[in-house]
Amino acid sequence: MTVAQRRGRRIMMTGTERDAYLTEQRTCRVATVSPDGMPHVAALWFVWDGTSLWFYSLTRSLRWSQLRRDPRIAVVVDDGVGYGELRGVELSGEVSFVGEIRRTGGTCAELEPPEALFATKYFGLESVPHDGRHAWLRLTPQAVRSWDFRKLSGPG
């Protein structure tokens, strides 16, 4: 169940705006939590399939080890320079580990759509080059918040 955004309705993105924004953006910031509660934030590439964010993460990263222990995650995708240009989406929930851990390209029907999106978006290819060092994480968010400060200068 997705938690509805309550505050900032004037500047929140519509579902269509949010989907287009998440599809076009290339980098997100992923926050995980260490065993002692210290947050860790790292930049990562992603794809959005209209329902979930997909990440192709190094399996020997701090992010990966923290998510194996505690799958809770918060992700921010944002852009803009001036205050009136700021826009973004925050998504949170728990990740799922999908497919081979240390992906080598074995058959996995569930990964076909995100791998095709990822290959096109980041490599201009039809398939992801598998290196045996990465694996897939999926976040189907429990909460989504968005903002588009460009709406403040429009009719309202």
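Positions are given from 1 along the sequence. Just so you know, these numbers come straight off a predicted model, no measurement behind them.
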Would you indicate whether the side-chain heavy atoms of F118 and W136 approach each other to under 4.5 Å? yes

Grab the two heavy atoms, one from L139 and one from I73, that are nearest each other, plus how far apart they are. CD1-CG2, 3.8 Å

Return yes if some donor-acceptor pair links the side-chain N/O of Q142 with the main-chain N/O of S92 below 3.5 Å, else return no. no

Does the side chain of F46 reach to within under 4.5 Å of the side chain of Q25, using non-hydrogen atoms? yes

Taking the six-membered ring of Y56, is NZ or CZ of R103 closer than 6.0 Å to its centre and within 45° of its axis? no

Please check this pair: side chain of R68 against backbone of T59, looking for a donor-acceptor N/O pair closer than 3.5 Å. no

Within the structure provided, determine whether R60 and R102 are in side-chain contact (heavy-atom separation under 4.5 Å). yes

Under 3.5 Å: donor-acceptor pair, side chain of S34, backbone of M38: yes

Answer yes if the side chains of Y21 and D79 hold a donor-acceptor pair under 3.5 Å, and no otherwise. yes

For the pair K121 (side chain) and W45 (backbone), establish whether a donor and an acceptor sit closer than 3.5 Å, ignoring hydrogens and angles. no

Donor-acceptor pair, E85 side chain versus G82 backbone, under 3.5 Å? yes

Taking H40's backbone N and O only, do any of them form a donor-acceptor pair with Q66's side chain (distance below 3.5 Å, no angle check)? no

With no hydrogens and no angle check, is any side-chain donor or acceptor of T120 less than 3.5 Å from a backbone partner on L117? no

D19 side-chain N/O to L22 backbone N/O, donor-acceptor pair under 3.5 Å: no

For the pair T32 (side chain) and L67 (backbone), establish whether a donor and an acceptor sit closer than 3.5 Å, ignoring hydrogens and angles. no

